[in-house]
Visitor: 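Dumping the structure here so I can ask a few things about it.
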Protein chains: 2
Amino acid sequence: MPAGPVDQTERRSGALLDHLARRMRLRSESVLAPLGLRPRHLVALTVLREAGGMSQQGLAGRLQLDGTNVVGLLNDLETAGLVERRRSPEDRRRHVVSLTQTGAKRLNEAECALASVEDEVLGALDPAERETLYDLLRRATSEVPPTCAEAAGNDPDSLC
Amino acid sequence: MPAGPVDQTERRSGALLDHLARRMRLRSESVLAPLGLRPRHLVALTVLREAGGMSQQGLAGRLQLDGTNVVGLLNDLETAGLVERRRSPEDRRRHVVSLTQTGAKRLNEAECALASVEDEVLGALDPAERETLYDLLRRATSEVPPTCAEAAGNDPDSLC
DNA sequence: TAAATAGTTGGCGCTACACAAACGATCCGT
DNA sequence: ACGGATCGTTTGTGTAGCGCCAACTATTTA
């Protein structure tokens, strides 16, 4: 086989995302626990803040979680007063879930508290690079994942 | 309260990392399964390839896993012929773990197969941005997390 | 030579899921 | 008006991925 470049590894982000996310999560837990939060709560609160309010089905889609798991997650957050469920006037079967003021404040507190975690876990990156990372992650996650029907039609390897 | 900027949210990457990593993982599983791999295998193989060979303790440190869980993880990979454990000539208590040729090849195959997953999950980013994301993740994860002693000395919030 | 270290095995427990079934309330199409 | 579909809830089962512990063997160290 002809010799190629020394580094022939494919440049994939998946393993690195898992790796970095795990480190961040481990470091975060001790900071979040006093606030009554777990990393999965943080993800849900972040998505809800950005969306301004959404159905449970919508949230399940965004988080790629089974609906029954979203129910449990929201039960935690609602019990803590961080979110509220309101019946949709358009369809009273449906809840619209949104952050309470308490929830918005708690999320902000959590993010402030996580500054030291990010300083540590992202210590190899300078502030501009951290900003770039944040921006790339935000834009990558803001794209709504395709629905099952869309994905199944387009991609046989899809989960659906 | 005086009115502030509209967006006063802290710019933290933790929740977004979890969110994106989860999406990537879900999409990856169907691609990795035919190769006999799970996402946690991929992380370990990636770390081992980069390190060229390391002790189990070293790997446990890099992955921030309990040593007994690294034993189980390596048992999977060794059984599949993807890694080998060799006694260190310097200290025969210790194993040096490295990728086999089969393992290096399988990892490359996995990364090729994951191209479509990354196209989908990172669809909102253009190729240059994906390259930037990869680079930032790689550099952030390459910094070895501090040992417990180091972290405990410097940071009371540390996990240790 | 005793204590410490590296790794292994087996076990227990927890969290975070996936998935299924059954149900009540509500909406929609016929 | 009614049956089917939808939204959400509860309960239950199971799996994966861990953390942590104890006990052990082999080896190194002081």
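The sequence lines fix the lettering, A, B, ..., with proteins before strands; numbering per chain opens at 1.
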Visitor: Does the pair R130(B)/D119(B) count as a salt bridge with the N-to-O cut at 4.0 Å?
Guide: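 Looking at R130(B) and D119(B), the cut-off is met.
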
Visitor: What are the two closest heavy atoms between V117(A) and S28(A), and how far apart are they?
Guide: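 Heavy atoms of V117(A) and S28(A) come nearest at CG1-OG, 3.9 Å.
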
Visitor: Taking atom C1' of dC18(D) as reference, at what distance in whole Å does atom CZ of R38(A) sit?
Guide: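 Checked: the CZ to C1' distance equals 13 Å.
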
Visitor: Could you pick out which residue, L65(A) or S88(A), lies toward the 5' side of DNA chain C when each is mapped onto its nearest nucleotide?
Guide: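 Nearer the 5' end of the strand: L65(A).
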
Visitor: Compare side-chain N and O positions of R40(A) against OP1 and OP2 of dC17(C) and report whether any pair is under 4.0 Å apart.
Guide: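 So the side chain of R40(A) is within the cut-off, an N or O lying under 4.0 Å from OP1 or OP2 of dC17(C).
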
Visitor: In whole angstrom, what separates R87(A)'s CZ from dT6(D)'s P?
Guide: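 It is 17 Å, rounded to the nearest whole Å.
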
Visitor: Could you check how far CG of L42(A) sits from P of dT15(C), rounded to whole Å?
Guide: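 Answer to the nearest Å: 18 Å.
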
Visitor: Could you check how far CG of L32(A) sits from C1' of dT15(C), rounded to whole Å?
Guide: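 These atoms are roughly 15 Å apart.
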
Visitor: If you assign each of V96(A) and R25(A) to its closest nucleotide in DNA chain D, which residue comes earlier from the 5' end?
Guide: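 Checking each residue's closest nucleotide, the 5'-ward one belongs to V96(A).
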
Visitor: At less than 3.5 Å, do the side-chain atoms of T68(B) and the base atoms of dC20(D) form a donor-acceptor pair?
Guide: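 It does, because a donor-acceptor pair links the side chain of T68(B) to the base of dC20(D) below 3.5 Å.
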
Visitor: Let me know, please, whether Q57(A) or P89(B) comes out on the 5' side of the other along DNA chain D by nearest nucleotide.
Guide: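 Looking at DNA chain D, the more 5' nearest nucleotide goes with Q57(A).
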
Visitor: Less than 4.0 angstrom between a side-chain N/O of Q56(B) and OP1 or OP2 of dT8(C), yes or no?
Guide: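 Yes, Q56(B) has a side-chain N/O under 4.0 Å of OP1/OP2 on dT8(C).
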
Visitor: So, is N75(A) close to the dT10(D) phosphate, meaning a side-chain N or O under 4.0 Å from OP1 or OP2?
Guide: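 For dT10(D), OP1/OP2 do have a side-chain N/O of N75(A) under 4.0 Å.
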
Visitor: Within this structure, what is the CG-to-C1' distance between L73(B) and dT8(C), rounded to whole angstrom?
Guide: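 Value for this atom pair: 15 Å.
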
Visitor: OP1 or OP2 of dT29(D) sitting under 4.0 Å from any side-chain N/O of R93(B)?
Guide: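 For dT29(D), OP1/OP2 do not have a side-chain N/O of R93(B) under 4.0 Å.
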
Visitor: Under 4.0 Å, heavy atoms only, any strand: does R22(B) hit a base, just the sugar-phosphate, or nothing?
Guide: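 If one applies the 4.0 Å heavy-atom cut-off, R22(B) turns out to touch the sugar-phosphate alone, with no base involved.
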
Visitor: Return the value, rounded to whole Å, for the distance between atom CD of E29(B) and atom P of dC19(C).
Guide: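 Atom CD in E29(B) sits about 10 Å away from atom P in dC19(C).
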
Visitor: If I take atom CG in residue D66(A) and atom P in nucleotide dG8(D), what distance separates them, rounded to the nearest angstrom?
Guide: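 Between P of dG8(D) and CG of D66(A): 13 Å.
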
Visitor: Considering only NZ, NE, NH1 and NH2 on the basic side and carboxylate oxygens on the acidic side, decide whether R38(B) and E29(B) come within less than 4.0 Å.
Guide: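 Salt bridge: no.
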
Visitor: Starting at atom CD of E90(A), determine the distance to atom P of dC28(C), rounded to an integer number of angstrom.
Guide: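 Nearest whole value for this atom pair: 11 Å.
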
Visitor: With clusters defined by side-chain heavy atoms of hydrophobic residues (ILVMFWY) lying less than 4.5 Å apart, directly or transitively, does M54(B) cluster with V70(B)?
Guide: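 Yes; M54(B) is reachable from V70(B) via cluster members.
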
Visitor: Closer than 4.0 Å, any side-chain N/O of R94(B) to the OP1 or OP2 of dG7(C)?
Guide: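 No, outside the criterion.
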
Visitor: So D91(A), base contact, sugar-phosphate only, or nothing? Heavy-atom distance under 4.0 Å.
Guide: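 It contacts sugar-phosphate atoms only.
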
Visitor: For R106(A), is there an ion pair with E111(A) - N to carboxylate O distance below 4.0 angstrom?
Guide: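 No.
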
Visitor: Got a salt bridge between E143(A) and R139(A), using NZ or NE/NH1/NH2 to carboxylate O under 4.0 Å?
Guide: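 Not counted as a salt bridge, because no side-chain N and carboxylate O are separated by less than 4.0 Å.
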
Visitor: Counting only side-chain nitrogens and oxygens, does R85(B) get under 4.0 Å of the OP1 or OP2 atom of dG7(C)?
Guide: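 No, no such contact exists.
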
Visitor: Is N69(B) near enough to dG19(D) that one of its side-chain N or O atoms lies under 4.0 angstrom from OP1 or OP2?
Guide: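 Looking at the OP1 and OP2 atoms of dG19(D), one of them is under 4.0 Å from a side-chain N or O of N69(B).
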
Visitor: Please check the phosphate of dC27(C) (OP1 and OP2 only) for any side-chain N or O of R92(A) closer than 4.0 Å.
Guide: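 Yes, because at least one side-chain N or O of R92(A) sits under 4.0 Å from OP1 or OP2 of dC27(C).
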
